[in-house]
Amino acid sequence: MITGLSKPSIKRVRKNYIPPFEDPAWIVVGDTSMIRDVVKNGYEVSYSTVNNSRYMGMSCTLPKSLAGKTVSISVQEVRGYTGAIQLTWYIGGVATNKNVAFSTDNKFNNITIPTNVDSIMLKIQNNSSSSESYYFRGLQLEEGVIATDFEEQFIDGANRLDELVPKKNIFNVKEFDVLKTVGGGTMWAYDVQGKPNTSYILSTNAPLTATNSYANMYVGGTNSSSNGFSNGSPRKVNTNSGGILNLYIRNQTTSSEASDAYDRLIAGDYWIQIEEGFIATDFEPFELISKLKGERTTPKKNLLKGFRGFILNNFTAVSMTSDWKATFTSNVASSNSYFLVDVKPNTNYAFSITKPSDMQIAVYDSTATSSIVSYTTNSSLTFNSGARSQVRLYIRQLTASVTFELSNPQLEEGTVATAFKEYEDANKQANLVNNKNLVPSLKSGKWTINPNHVILDDYSLEFDTSVQAIQTSSVFIDNIKPNTTYTLSMKKNHSQGSIDENFIKESDGSNWIKDNYMLTNEVHTITTQPTTKRIQLNITNGYGTESVGTFKWSDIQFEEASTNTSFEPQKMVNRTLKSKTAPVLSYPFTFQRDSVEVYNGVRYRRNMPRLDSGGIGVEEGVVNPVYSSPTEQHLKVTGASYDQRTYNHSLPKKNIVQTVDTIYTLSFDIKRLNTAVTQKYFSSIVVGGVVNGDSWNVRLQGTAIDKFTIVELEDGWERFTQTFTITANTQYLQSFVKFIADTWDTGIDSLVRNVQIIELPYDLRYAVLSRPKEIVRLPKNIIDSVQGSVEFTYIPAFNQTEYKQTATHRSYLCSSQGSFNIWSWGGGASHAFNAEFNSKDSNNVTVRNNIDVTTYGLDYIKKGVPIKVKFEWDAQKVTLTIDNNTPITKSVVGTFINVSNSDVFLGSNYSSLTEQNNMNGVYKDLVFKDRNGQITFQI
C-alpha cells in the first residue's frame, strides 16, 4: 500500500525572515568593549558605541533556503549617524556585502542571492568611527522584488515562543494532493498521524455508496462493515504506539451523488473529522492554534486531561457533558475501560473518580499483564509506580447493559487523594540547571563574534585569512565555582602550520584576577582561584605570522571535571518557561496604540491593552523613556584612563531646542565598590547640550552629593534622584545620559544600573520603550440620556500633586462631544473630582450640570491606591460618590443632551488626546446602567 502522510503542522516563514531582536538568532558582533547599553524590545533595538569604534552592531544568520531567491529589505526607522544595514553572503569563505542604501521610503528592493552560497546573514551596524547612539525599528526581509509593509515574523507551525498544533480536527484535507490509489484504483489510502495509544472518533457527512450500501470512509482495514464510518455513524478507534490511523476512501458514487466520494471531499462537499475522545462533536475544519493557549504539557496537580484521554474497551459512550463528565453503557458483564498515563518511576500516586458505588477501580501495568492495585469499590486508591514509566487506570462495571455516569477523574502525586481540580498547566520549569557543557551555542546571542569569523553551526567557527590578522571571539560564563577544576576541550584545525589559541580570563565579578594564555592544546585543565566567579573564554588565531591561514574550531566544551569527556551541546533542564507574549483577546472596546509594549515581562502586541490589577492599564499620550536594564555596568578609573557609560533614551524632546523651560528627573542606582574613598561614585553626568554646539551645558557633578535625593536599597545599593531644568532657547536635551569618571578622580569604582530620565511627572510604571499615543474608545449607545449611572475603580499612576496644572482639565471618562464628563484639574488644584452631564433648557441653551468637588485634600489621589467612583443622573439631579464618602448632588436644569451616538473615551479628554489631558492608571470594574438598572456596558 502506498500512502500519504498527514502533517498536523507545516513549518515555514510566512513573510518576514527577520526574528525579534530578543531572539537568540541575533548576536552582537565586534568588540564588546566598543558596544554598550544594548536595549531590545521586540522589533526595536538601541545601542551606543565608544572610542571611535566602527562596524559595531548585531547580526542574524538567515536560512540557506533563501539561496537563489530575490528578496527585498525594509526598515521603519533608523536613528544615529551612519546607522546602516548590510546583507552578507559567503561563497567558499569569500564574503559579498550588500550595503543597503535606503530610498526615502526606507525600502530597498530586488536583491538576488546567488544559488551557491554557503551562508547568509543580515547585519545592523554603524559605519561611523565616532561615538554615537543608534536605534533600529521594524526591520523586515521578505521574498519578492518590492518591499511591502512591515509585519512581525510568524512561522507557521513553529512559532519561536510556542508551537502550533491542531485545534481539534487532525484531518487536513489540503494534504490530499499527495494521495495514491490502491486496490486497482478502487480506493484512496491515507495515513493520518495521531497520538500514540489514544482514543479517536472519526465522523463524516458522506453517505453510503450507491451499490451494496457500503461506507465510503473507513479506517484500520479493508472490512467496511466493521471499520466504516458514514453520515450519522461515526467510528471509534484506539491508536497503537505508532499513533497512525490508516484512512481509506472509496472511489465509488454515493447513494445521493453521481460522483465519487473522494472528488466530493476535495471539492468541500464532504468532510471528515478525526478528534480525540469517543463522542463525535460538531464538525470543525482543520486549524492550527497556539499550543500555549490550547493543550499544555506540564500539569500543576491533576495528570489526567479528562475523558478525552479515556480508552474505551467494553464501554459504549452515550453522552459527554464536558471533558470531565460523561455517560456510558456496559456492553458485557465485567466491562472495563481505562486511562493510559505516563508516571515517574518509584513515585507515590493517588487516583480518584466520582462513580456509582458498585463500580470498581484498579491499577495495572501498561500492558495489563500485572496488577498493581486490585479492583476495589472505593472511589480512590493509592499506589507506587515501582520501576514503571506508564500504567493503566481501570474502571469496571460488573453488570451488563447498565448505563452510568463518571466524572472528575484525577491522578496526582502523593499518598492522599485531595479535592478534585481540572488539569492545569503549571507552565513552568523551575531551577535552571546546565547538564554538563557550560559553553552556550555560538548562535545563542551570548558570544561576541568577530565580524570575520563565520559560524558554521552551534559549536563550529571558522576563519580564513592570508594576511597577519589576529581575530578573537569570546563569551562570558557566569556562576563559576572557586577552587574548582574545570576542563576546556575542542577540536581545532591547524592548516598551513598555523597555531590557534584559547585564552581564559578569571574574574571575581568586578576585576580580572588571572589570565591563562596560550592554551594551544585541544584539551586544557585549570583550577579556579579562591575568588573566581566568572570566566571569559577567548578563541583566537594565534600570534604574529602564525596567524595566517585557515582556522576552524568545533565541539567547544567547558565542564566541571578533571579531564575532558565526550562532547555534548549545552542543555538547560528545568528552565523557567515564561509566557512572553500576551494572547490576542477580544475586548468590548477599541484600543489603539502603535507600538509593541512590554509590561511585567509580558509582551503586548500593537493595539492590545496591558492588563494590571484586574483592569486595563491606560496611558494616553504619554511617551516614556528608554531606561537601562537591571544589568550592572561597571564604572571605574584605572591608571591614566578615564571611563564612561552611556544610556540612550527616546523622549520626544531630545536634541530639539525647547521653547519653554522643561523640568526633568534623573534617577539611577549606584553601588560603590571602593568604600575607602568618600563620595567618589562618579565624576559627572551629562544630560543636556548647547544650541548650535557639540559641548554640553547641563552637567550634574557627582561630587555635589547634597543635590541628589539618596535612598538606601539592599546589598549596598543606593538610588539617586535629582531634577534639572533645560532652559528654553539656549539648551536641548541630549539623546543619552552619560556617566563620566575622569582620570584625576582616582578611586572611582562603582556599579550602575536602572538609569532613567523622566519628563515630570511621568514614571516608568508601564513603559520600557517610547510609547506613542494610546486611545481607549468605548462603544456608542451606552449612556442613557434620561436616567442612569456609571461606576468604576481607578488606581492612579501618580499622586495628585504630580499631575501637571493645565488650563484644560483631565478626564477619567468623557463623551466625544464633551457633554458627559468625569474629570480632574490635576496639579496643585484641590479639584480632584468633578462630574457633569450637560442639558438644554427651555430656550435650547446648554446648561452645565456640574459637580465641583473641593472637599478633598491635595493628597487624596495617591499612586497605587484604588478609588471607587460612582456618577448617577436622573431628571432632578446628578450625584457623585467617591469611595464611601457622602454623595454630593446638584439639581438639573432642562433635559440631558442626547449622547447616544457619541464615543466614550476612558482616561483622556475628548477635545485634546494629548499628555496634557489624561488621567493615567488602571481602570477596572467599569459598569454603565440605564434607566431600568440594566447593564449597557461592562469591563
Side-chain angles (χ1 to χ4, degrees), residues 162-163 165 195-199 238-239 241 243 276-277 291-313 322-326 336-355 357 359-396 406-435 571-579:
D162 199 353
E163 179 183 353
V165 295
K195 297 178 181 179
N197 302 309
T198 302
S199 291
N238 297 330
T239 59
S241 58
E276 288 188 53
K291 187 171 183 179
L292 290 181
K293 299 175 205 169
E295 177 189 359
R296 302 299 184 94
T297 57
T298 308
K300 259 182 183 175
K301 173 183 174 182
N302 192 352
L303 303 177
L304 302 179
K305 301 178 182 178
F307 289 108
R308 290 287 177 188
F310 198 43
I311 299 177
L312 298 184
N313 193 7
S322 70
D323 286 349
W324 301 96
K325 181 183 289 188
N336 63 55
S337 293
Y338 60 92
F339 295 97
L340 182 65
V341 59
D342 293 332
V343 293
K344 294 186 291 188
N346 301 311
T347 303
N348 292 321
Y349 289 93
F351 171 51
S352 58
I353 191 170
T354 302
K355 64 175 184 60
S357 59
M359 292 190 66
Q360 300 174 329
I361 59 177
V363 183
Y364 278 73
D365 66 3
S366 61
T367 61
T369 304
S370 302
S371 170
I372 301 174
V373 178
S374 300
Y375 278 106
T376 174
T377 56
N378 295 334
S379 59
S380 65
L381 56 80
T382 60
F383 65 95
N384 187 282
S385 56
R388 304 170 185 87
S389 59
Q390 199 174 56
V391 297
R392 293 189 183 194
L393 307 175
Y394 273 100
I395 305 170
R396 184 167 71 176
L406 300 175
S407 62
N408 299 346
Q410 179 165 283
L411 179 68
E412 59 189 305
E413 289 190 33
T415 57
V416 177
T418 62
F420 169 76
K421 191 172 184 179
E422 292 185 3
Y423 177 92
E424 181 183 4
D425 176 41
N427 197 24
K428 74 173 184 179
Q429 299 170 325
N431 302 322
L432 183 63
V433 178
N434 194 304
N435 65 327
K571 295 179 182 178
M572 309 306 286
V573 296
N574 292 333
R575 178 182 178 183
T576 300
L577 200 64
K578 296 182 179 179
S579 178

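Each residue takes its place number in the sequence, starting with 1. As a basis for the values below, the full set of heavy atoms in this structure was taken, side chains included, without hydrogen atoms, waters or symmetry mates.
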For P409, does its backbone N or O pair with a side-chain atom of N302 as donor and acceptor, under 3.5 Å? yes
Over all heavy atoms of both residues, which pair between M359 and L406 is shortest? Give the atoms and the distance, please. SD-CD2, 4.1 Å
For the residue pair S337 / N313, report whether a side-chain donor-acceptor contact shorter than 3.5 Å exists. no
A side-chain contact here means heavy atoms from C-beta on lying under 4.5 Å apart; do Y349 and L303 qualify? yes
Side-chain contact test, heavy atoms from C-beta onward, threshold under 4.5 Å: evaluate it for N348 versus T382 and give yes or no. no
So do the side chains of L393 and I353 get within less than 4.5 Å of each other, counting heavy atoms only? no
Which value, rounded to the nearest 0.5 Å, describes the distance between T376 atom OG1 and Q360 atom CD? 7.5 Å
Partner set under ring pair (Phe, Tyr, Trp, His ring centres under 6.0 Å) for F310, not counting sequence neighbours: F307, F328, F339
Any side-chain heavy atom of T418 within less than 4.5 Å of one from Q410? yes
Heavy-atom check, side chain of V391 versus side chain of F383, under 4.5 Å: yes
Without swapping roles, check the side chain of D365 against the backbone of S370 for a donor-acceptor pair under 3.5 Å. yes
For Y394, which residues count as a ring pair (Phe, Tyr, Trp, His ring centres under 6.0 Å) partner, sequence neighbours excluded? Y338, Y364
Within the distance-only criterion (no hydrogens, no angle test), does the side chain of K355 pair as donor or acceptor with the backbone N or O of T377 below 3.5 angstrom? yes
Return the minimal non-hydrogen interatomic distance between S371 and S374, and the atom names on each side. OG-N, 3.7 Å
Interatomic distance, CZ@R392 vs CG@N336, rounded to 0.5 Å, equals 9.0 Å
To the nearest 0.5 Å, how far apart are CG in N408 and OG in S352? 8.5 Å
Is the side chain of T198 donor-acceptor paired with the backbone N or O of T239 at a distance under 3.5 Å, no angle test? no
Quick one: CD1 on I311 to CG on L340, what's the gap to the nearest 0.5 Å? 5.0 Å
E276 bridged to K305 by N-O distance under 4.0 Å: no
